[in-house]
**Student:** 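Here's a structure for you.
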Protein chains: 2
Amino acid sequence: MAVKNDYMIRDLREEELLELADLFKMFADSTRIKILYDLFDGEKNVTEICEDIEMNQSAVSHQLKALKTAKLIKSRREGKSIKYSLDDDHVKTIIAMGKEHIEE
Amino acid sequence: MAVKNDYMIRDLREEELLELADLFKMFADSTRIKILYDLFDGEKNVTEICEDIEMNQSAVSHQLKALKTAKLIKSRREGKSIKYSLDDDHVKTIIAMGKEHIEE
DNA sequence: CTTTCATATGAATATATTATCATATGTTCA
DNA sequence: TGAACATATGATAATATATTCATATGAAAG
């Protein structure tokens, strides 16, 4: 059994800390927050999201990809369009906590 | 009573969305996460934090300032040193939610 | 009152991130 | 099969961010 030599704070390894930071980066951009928050309503396709948040299709697609890579949203094809929806229960909680903080 | 014309998703105004994103930016950097997580233990001065997270004093001070501006930490002077501590109950919850997500 | 220890800060550089533009891919339907 | 529609993607340029270095501020102790 190898000894862990990585840098560590309490029970959090360097590697996990970087992952955590990367996760929170997903919430750290207003376009992405808008998308996530928009999906609180349920499944939507790209065009709908673009209209809701008033951003162009390319920017939205790029951010959807980032959110999907982070496993915060999932997608499925339906005919010509792709439907996106939240893929993690923590998303709502995290955003709710954030809201509570700024509302104080 | 003026009509609100700002961009809005459900009950979240553009302004609040930007604030939310700014808040999450604080968690979106590994140095800042390390500092916050380090402060889970309680009050610490700058030198202690630097040692714990293995970062130089200047970088830590810059980030402490950002965290303080975001009202996530507070400080008080004690003799020559300045003691920092968490200033928001949501910090632990937000980080905990993040941890749960990445551990899945 | 000047030296030492602790922290903060400004400027500069290096790096990361985002939106935009142009274009590619993939689906449906005539 | 080729328009028309929906989405994705690569490259680029603009902007934001973090770290470092040098130095400033501020407290305490001799």
**Student:** May I have the distance from Lys68(B) (atom NZ) to dT7(C) (atom P), rounded to whole angstrom?
**Tutor:** 13 Å
**Student:** Report yes or no: do Ile94(B) and Leu18(A) belong to one cluster of Ile/Leu/Val/Met/Phe/Trp/Tyr joined by side chain heavy-atom distances under 4.5 Å?
**Tutor:** no
**Student:** With the side chain of Gln63(A) defined as its heavy atoms from C-beta on, choose the nearest nucleotide among dT7(C), dT7(D), dA19(C).
**Tutor:** dA19(C)
**Student:** Specify whether Phe24(A) and Phe27(B) have parallel, tilted or perpendicular ring planes, treating 30° as the upper limit for parallel and 60° as the lower limit for perpendicular.
**Tutor:** tilted
**Student:** In whole angstroms, how far is the C1' atom of dA6(C) from the CZ atom of Arg77(B)?
**Tutor:** 8 Å
**Student:** Rounded to whole angstroms, how far apart are CG on Leu64(B) and P on dT7(C)?
**Tutor:** 10 Å
**Student:** Which whole-number value in Å describes the distance from Lys83(A) NZ to dG26(C) C1'?
**Tutor:** 18 Å
**Student:** Is the distance from OP1 or OP2 of dA8(C) to the nearest side-chain N or O of Tyr84(B) less than 4.0 Å?
**Tutor:** yes
**Student:** Can you tell me how far C1' of dT18(C) sits from CG of Asp22(B), to the nearest Å?
**Tutor:** 15 Å
**Student:** So does Gln57(A) reach the base of dA8(D) with its side chain, donor to acceptor, closer than 3.5 Å?
**Tutor:** yes
**Student:** Using the ring of Phe40(B) (Phe, Tyr or Trp, six-membered ring only), decide whether Lys92(B) places NZ or CZ under 6.0 Å from its centre and within 45 degrees of its axis.
**Tutor:** yes
**Student:** Just how far, in rounded Å, is P of dA19(C) from NZ of Lys65(A)?
**Tutor:** 16 Å
**Student:** Report yes if at least one side-chain N or O of Lys80(A) is closer than 4.0 Å to OP1 or OP2 of dG26(C); otherwise report no.
**Tutor:** no
**Student:** Nearest whole Å is fine: how far is dA6(C) P from Glu48(B) CD?
**Tutor:** 11 Å
**Student:** Nearest of dA8(D), dT17(D), dA18(D) to any side-chain atom of Lys25(B)?
**Tutor:** dT17(D)
**Student:** I want to confirm an ordering. Mapping Asp29(A) and Glu78(A) to their closest nucleotides on DNA chain C, which one lands closer to the 5' end?
**Tutor:** Asp29(A)
**Student:** The side chain of Ser81(A) lies closest to which of these nucleotides: dA6(D), dA6(C), dA8(C)?
**Tutor:** dA6(D)
**Student:** Asn56(B) has a side chain; which of dT20(D), dT28(C), dA8(C) sits nearest to it?
**Tutor:** dT20(D)
**Student:** Nearest nucleotide by nearest heavy atom, which residue falls closer to the 5' end of DNA chain D, His62(B) or Thr47(A)?
**Tutor:** Thr47(A)
**Student:** Given dT7(D), dG10(C), dA11(D), identify the nucleotide with an atom nearest to the side chain of Ser58(B).
**Tutor:** dG10(C)
**Student:** Counting only side-chain nitrogens and oxygens, does Arg32(B) get under 4.0 Å of the OP1 or OP2 atom of dA18(D)?
**Tutor:** yes
**Student:** Grab the CD-P distance between Glu54(A) and dA19(C) for me, whole Å please.
**Tutor:** 14 Å
**Student:** Under 3.5 Å, is there a donor on one side chain and an acceptor on the other for Thr47(B) and Glu51(B)?
**Tutor:** no
**Student:** If you check the Ala59(A) side chain, which of dG26(D), dT20(C), dT27(C) turns out closest?
**Tutor:** dT20(C)
**Student:** With a 4.0 Å cut-off, would you call Asp38(B) and Lys44(B) a salt bridge?
**Tutor:** yes
**Student:** Would you mind checking if Glu14(B) and Lys34(A) are paired as a salt bridge, meaning a charged N to carboxylate O distance below 4.0 Å?
**Tutor:** yes
**Student:** Ignoring hydrogens and geometry beyond distance, is the side chain of Ser61(A) in donor-acceptor contact with the base of dT9(D) at under 3.5 Å?
**Tutor:** no
